[in-house]
Amino acid sequence: MIIHPQIQGCVARNCHPLGCRAAVQQQIASVRAAGPFNGPKRVLVLGASSGFGLASRIALTFGAGADTLGVSFERGPSDKGLGSAGWYNNIWFRQAAEQAGRIAINLIGDAFSDTLRQQAIETIRQQLGQVDLVIYSLASGIRVLPDGTQVRSVLKTTGQPFSGWGLDLERDTLVQQSLATATPEEIRDTVTVMGGEDWQLWLQALQQADCLATGAQTVAYSYIGPESTYPLYRDGTIGYAKEHLHATAETINLQLAHIGGHAWVSVCKALVTKASAYIPVLPVYLGLLMGVMKERGVHEGCIEQMQRLFAAKMYGPQGVVADGNRLIRMDDHELDPAVQAAVSALWPKVTPDNFHVLGDFAGLRRDFMQLNGFELPGVDYGAPVDVSSLTELVP
Ligand code: NAI
Ligand code: NA
């Protein structure tokens with residue numbers, strides 16, 4: 001079977017499993033090239049199969065020799081298709097980690113459920129003993145609460161409705177997009193799905209089960225962004241959820257004091273992932289930002305960002321480098337006033353005719369394709385993929 005990309009709007013409908021392997025290998029090579037650092041040895045990664053979670057796992061295993069348990073929600077092969085990119089990322093990551101002599105366990109299921117929490121606790125007890133670090137990197141549009149209630153998050157703004165050019169990855173063009181004003185219920189529901197409640201439930205359960213080592217830390221990922229994106233993000237429903245996440249770090253931090261542990265939030269830079277491509281209008285900012293940051297030599301992809309987080313800002317010589325609000329600022333280069341001035345000068349000029357000239361939308365598009373295993377160097381996309389051998393692989 002020859003696999004061609006199927007992109008619908010800003011969502012990939014399929015993946016190239018062998019391309020996913022090349023993408024995982026590329027990230028491993030990047031971490032190896034950056035050199036080793038002294039990091040945590042046993043790590044639980046919630047949301048381990050793509051984006052920041054996968055990059056974190058790769059940075060810690062191949063940079064610091066960590067054994068990991070990764071939790072994710074992914075589809076394997078079925079009559080509906082070959083399965084999701086994250087499914088294969090889990091497989092290729094585990095294979096590479098085991099080749100390097102590391103433990104890598106994948107749990108596939110709903111991280112919001114008590115059942116999966118118990119499964120993770122059992123697995124930690126049996127295979128890792130305890131963990132030194134818990135990474136919270138879930139991005140989801142839906143959460144089923146422990147009592148069975150389904151809650152959905154929305155991507156809306158909270159002030160005036162906001163509209164502007166958005167990116168249509170399928171047609172490689174710009175289209176008008178708008179964010180409606182959220183109702184109070186929609187804000188509350190988005191906080192329930194993407195805020196800190198579930199993070200706290202995880203840390204509580206792990207601590208009660210004695211799965212956290214003395215001095216264990218936890219970090220969750222957040223975004224703030226520049227003022228020009230506030231209507232899209234910080235003042236949007238997702239921004240309220242992140243505010244809640246930040247407040248939860250304080251609560252968890254207090255709880256971890258008993259074992260000498262700490263909770264942090266890492267405020268990251270905007271990057272192309274499955275989750276961010278889905279936010280209206282934001283990818284146009286992202287394409288302009290990528291152009292400006294590359295021009296100035298300060299661009300980072302997911303893997304560079306996560307390698308720097310652990311090697312320099314959490315486990316470097318100075319320990320954790322955070323501001324007064326327990327926030328680790330990985331968005332320092334993005335928020336550099338000179339970078340923002342350059343982006344702000346370009347943004348009002350963007351049209352469907354000139355966006356490729358004004359920003360690095362080719363780079364953004366390639367990053368997006370690569371998340372799904374397409375457009376990676378060294379992969380023969382004209383060659384048929386042996387589907388039966390892929391269906392035998394397990395995460
Ligand atoms: P992603 O979509 O690449 O990764 C999400 C992960 O969560 C995947 O591993 C997926 O399998 C897992 N997941 C989703 N629902 C699940 C469930 N019910 N049970 C188990 N696993 C589940 O997204 P990305 O961008 O890596 O997002 C991770 C975090 O980073 C999010 O909190 C996001 O807000 C944050 N962040 C993202 C930025 C960006 O520009 N992409 C910037 C700053 C923060
Ligand atoms: Na992730």
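Atoms within a ligand are numbered from 1 in the order they appear, just like the ligands themselves. Side chains included, hydrogens not; waters and symmetry mates left out as well; all remaining heavy atoms used.
- Close contacts of ligand 1 with Ser49, meaning ligand atoms under 4.0 Å from a residue heavy atom, involve 8 (C), 9 (O), 10 (C), 11 (O).
- Proximity annotation for atom 4 (O) of ligand 1: of Ser50, Gly51, Ser72, Ser50 comes nearest, heavy atoms only.
- For the ring-ring contact (aromatic ring centres under 6.0 Å, His included) test, residues two or more places apart in sequence or in another chain that qualify with Phe361 are Phe355.
- Between the choices Gln305, Lys269, Glu74, the shortest heavy-atom distance to atom 11 (O) of ligand 1 belongs to Glu74.
- Residue pairs meeting the side-chain hydrogen bond (donor to acceptor under 3.5 Å, both in side chains) criterion with at least one partner in residues 153-163, sequence neighbours excluded, are Lys156-Glu186.
- With Ile303 as reference, Ile58 is the one residue of Ile28, Ile58, Leu271 to meet the side-chain contact (heavy atoms from CB on, under 4.5 Å) rule.
- For ligand 1 and Phe112, the ligand atoms under 4.0 Å from any heavy atom of the residue are 18 (N).
- Looking only at distances, a side-chain donor or acceptor of Thr61 sits under 3.5 Å from a matching main-chain atom of Ala66.
- Per-residue contacts place Ala270 under 4.0 angstrom from the following atoms of ligand 1 (heavy atoms of the residue considered): 40 (O).
- In terms of polar-atom proximity, Met194 is not counted as a contact of ligand 1, lacking any N or O under 3.5 Å from an N or O of the ligand.
- An N or O contact shorter than 3.5 Å is missing between Tyr223 and ligand 1 by distance.
- Taking CD of Glu243 as the reference point, atom CZ of Arg234 lies at 6.0 Å (rounded to 0.5 Å).
- Of all the atoms in ligand 1, the ones that sit under 4.0 Å from a non-hydrogen atom of Ser140 are 15 (N).
- The shell of residues lying under 4.0 angstrom from ligand 1, judged by heavy atoms, excludes Gly86.
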Run the side-chain contact (heavy atoms from CB on, under 4.5 Å) check on His262 and Arg326 step by step: do they pass?
-> CA-CA 9 Å; His262 288 288; Arg326 326 199 53 72; 3.7 Å; yes
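- Residue contact check: Leu271 has heavy atoms under 4.0 Å from atoms 39 (C), 40 (O), 41 (N) of ligand 1.
- At under 3.5 Å, not a single nitrogen or oxygen of Cys268, backbone or side chain, sits near a nitrogen or oxygen of ligand 1.
- Residue Gly53 has no N or O atom closer than 3.5 Å to an N or O atom of ligand 1.
- Close approach to Asp110 involves these atoms of ligand 1, each under 4.0 Å from a residue heavy atom: 17 (C), 18 (N), 19 (N).
- Evaluated by nearest non-hydrogen atom to atom 26 (O) of ligand 1, the leading choice among Tyr278, Tyr136, Phe52 is Phe52.
- Residue-ligand proximity, Gly109 to ligand 1, at heavy-atom distances under 4.0 Å covers atoms 19 (N), 20 (C).
- Lys242 places a side-chain N or O within 3.5 Å of a backbone atom of Tyr221 that can act as its donor or acceptor partner.
- The part of Ala48 lying near ligand 1 is the backbone, judged by heavy-atom distances below 4.0 Å.
- Neither the backbone nor the side chain of Ala220 comes within contact range of ligand 1; no heavy atom lies under 4.0 Å.
- Residue-to-ligand polar distances keep Val71 apart from ligand 1: every N/O pair is separated by 3.5 Å or more.
- In plain terms, the two heavy atoms of Tyr88 and Cys20 that are nearest each other are CB-CB, 4.2 Å.
- Shortest non-hydrogen contact noted between Leu371 and Lys274 is CD1-N, 3.6 Å.
- Under the 3.5 Å distance criterion, the side-chain polar atoms of Gln27 are left unmatched by any main-chain donor or acceptor of Val24.
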